[in-house]
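A quick note: this is a predicted structure, and the numbers were derived from the prediction, not measured. A note on names: the letters A, B, ... follow the listed sequences, proteins ahead of strands, and every chain is numbered from 1.
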Protein chains: 2
Amino acid sequence: MTDTAPAPPKRTRARQQRAEDTRQAILDAATIEFADNGYDGAATRAVAARAGVNQPLVTYHFGSKEGLWRAVIQALIADYRAQYEAHLTEVTDLEPVARLRVIQEEFIRFSANGTVFHQIMAHVARKPSEQLTWMVEEYLRDVYETRAELIRAAQAAGKYVAGDPFHLQYLFLGAVTRIYLLAAEVEQVAGFSPSDPDFLDEHVRVCLSLFFRD
Amino acid sequence: MTDTAPAPPKRTRARQQRAEDTRQAILDAATIEFADNGYDGAATRAVAARAGVNQPLVTYHFGSKEGLWRAVIQALIADYRAQYEAHLTEVTDLEPVARLRVIQEEFIRFSANGTVFHQIMAHVARKPSEQLTWMVEEYLRDVYETRAELIRAAQAAGKYVAGDPFHLQYLFLGAVTRIYLLAAEVEQVAGFSPSDPDFLDEHVRVCLSLFFRD
DNA sequence: GTCTATATTATGATAGAC
DNA sequence: GTCTATCATAATATAGAC
């Protein structure tokens with residue numbers, strides 16, 4: 001169970017760049033494989049094949065399958081945080097209710113864009129683990145508490161449904177994302193595809209209308 | 001890939017009963033293992049150990065791992081349908097809005113009771129498969145369409161949030177169930193446990209308040 | 001860094017005694 | 001029906017050439 005980082009490469013700039021490209025290709029491939037098949041279902045061979053390299057190279061770059069998994073999660077969090085914080089600074093001057101609305105709408109559009117994040121979270125957040133604790137302390141708690149403050153403000157203004165702010169955030173999360181995670185079922189049962197661009201605007205409208213009141 | 005039913009046992013009544021007990025023990029164990037670890041993550045050895053028997057007996061009773069999986073799903077559907085239909089007859093004399101309310105409340109309580117069903121559906125309903133098609137045609141479509149009718153009636157009476165009835169059902173499903181599927185994260189982030197009995201009544205209240213209007 | 005070849009382990013399935 | 005023993009396969013990880 002050696003999941004240490006790879007030995008520090010000291011080569012030319014071109015070689016370093018090529019290695020970095022390989023690493024990134026493996027990471028991208030692994031993200032898809034993990035999201036599609038879960039941790040156990042994803043094979044390092046399949047990851048390697050998708051990335052166009054051979055299997056031992058995965059171990060070389062990430063130490064182990066476990067190390068690869070961690071790297072995927074960290075990259076996803078980094079993406080999410082970047083997108084989220086970019087939007088945060090953009091709305092600091094709005095009043096709380098409008099800010100909450102923008103943040104939640106942005107979350108819906110983020111979720112529609114890539115379900116990988118939520119697919120992987122569905123695997124991680126089910127039962128306690130070191131990974132989960134790390135994610136909560138490193139990132140999630142902060143996000144949830146910031147939004148809880150905004151929800152309290154919106155509730156005080158009579159503009160948001162009543163209830164515990166954390167509880168409400170999970171209802172919102174579920175309402176927004178579950179339909180994407182059940183995409184195949186939705187197509188067969190309801191006859192429309194959640195990934196259809198036309199669907200997104202309506203999804204935003206309805207999800208927000210559930211929680212915002214006036 | 002032989003997943004045929006086991007050879008018909010022709011023995012004494014006592015022997016038949018013992019075999020049936022074994023079969024049921026394996027089925028119960030498999031339900032837990034599949035829910036906890038997914039299809040790939042669940043090992044037939046672990047199932048056998050949990051059921052207190054040895055591994056080849058699983059193959060004997062269910063033909064293959066795939067056969068075991070199907071048996072688990074069918075048993076879950078049967079439970080759900082029994083509980084759902086029991087309630088349906090009980091409310092046929094109510095007016096549509098009240099009936100919808102009872103049905104949706106019952107769904108929340110069912111979901112809280114056992115998350116196994118939703119954990120497994122999360123695996124099945126992500127991408128197209130024979131399993132999914134079978135479930136949709138055999139059962140899901142009917143449930144969703146019945147409820148869609150009730151939602152239309154409630155909307156016409158101005159008692160339910162506007163939107164496509166199928167779309168709304170998936171929002172409802174997500175709001176109700178996702179918090180249970182992320183139980184470990186919820187405990188760490190929000191500090192309460194969704195499985196806490198006190199939580200359930202509040203969960204019912206808030207979920208219904210999101211969708212029902214007056 | 002990237003490759004081929006291989007060791008090691010875990011798992012689903014089978015054979016055959018009782 | 002249930003067991004023990006074993007096979008066949010697939011997957012992670014390692015060794016070593018280039």
Q: Begin from the C-alpha positions of A:H123 and A:F34 and carry the test ring pair (Phe, Tyr, Trp, His ring centres under 6.0 Å) through to its verdict.
A: CA-CA 9 Å; A:H123 283 102; A:F34 280 135; 8.9 Å; no
Q: Mind calculating the distance between CG (B:N54) and C1' (C:dG12) to the nearest angstrom?
A: 14 Å
Q) Are A:R101 and A:F212 in a cation-pi contact, defined as NZ or CZ under 6.0 Å from the six-membered ring centre and within 45° of the axis? A) yes
Q. Is the gap between the ring centers of B:H203 and B:Y180 under 6.0 Å?
A. yes
Q. B:L57 CG to D:dC3 P: how many Å, rounded?
A. 6 Å
Q: Without swapping roles, check the side chain of A:K65 against the backbone of A:A42 for a donor-acceptor pair under 3.5 Å.
A: yes
Q) Can you list, by residue number, the residues of residues 40-49 of chain B that have a non-hydrogen atom closer than 4.0 angstrom to DNA chain C? A) B:A42, B:A43, B:T44, B:R45
Q. Separation of B:F62 atom CZ from C:dG12 atom P, in whole Å?
A. 15 Å
Q: Could you state the atom-to-atom distance from CD of B:E33 to P of C:dA10 in whole Å?
A: 16 Å
Q | From C:dT14, D:dT2, C:dT4, nucleotide with atom closest to B:H61 side chain | A | D:dT2
Q: Would you indicate, yes or no, if C:dT14 has its OP1 or OP2 atom less than 4.0 angstrom from a side-chain nitrogen or oxygen of B:T59?
A: no
(Q) For a quick check, tell me whether the side chain of A:Q55 and the base of D:dA13 share a donor-acceptor pair closer than 3.5 Å. (A) yes
Q: In whole angstrom, give the distance that lies between atom NZ of A:K65 and atom P of D:dA13.
A: 8 Å
Q.
Using ring centroids (six-membered ring only for Trp), state whether B:F166 and A:F192 fall under 6.0 Å.
A. no
(Q) If you apply the rule salt bridge (Lys or Arg N to Asp or Glu O under 4.0 Å), what do you find for B:E106 with B:R109, and how did you get there? (A) CA-CA 5 Å; B:E106 192 55 29; B:R109 297 190 183 277; 5.6 Å; no
Q: With sequence neighbours left out, write down each residue that passes side-chain hydrogen bond (donor to acceptor under 3.5 Å, both in side chains) with A:T22, or none if nothing qualifies.
A: none
Q) Taking atom C1' of C:dT11 as reference, at what distance in whole Å does atom OH of B:Y39 sit? A) 12 Å
**Q.** A:Y60, nearest nucleotide to its side chain (from D:dT2, C:dT2, D:dC3)
**A.** C:dT2
Q. When you measure from the side chain of A:P56, which nucleotide among D:dT2, C:dT4, C:dA13 comes out closest?
A. C:dT4
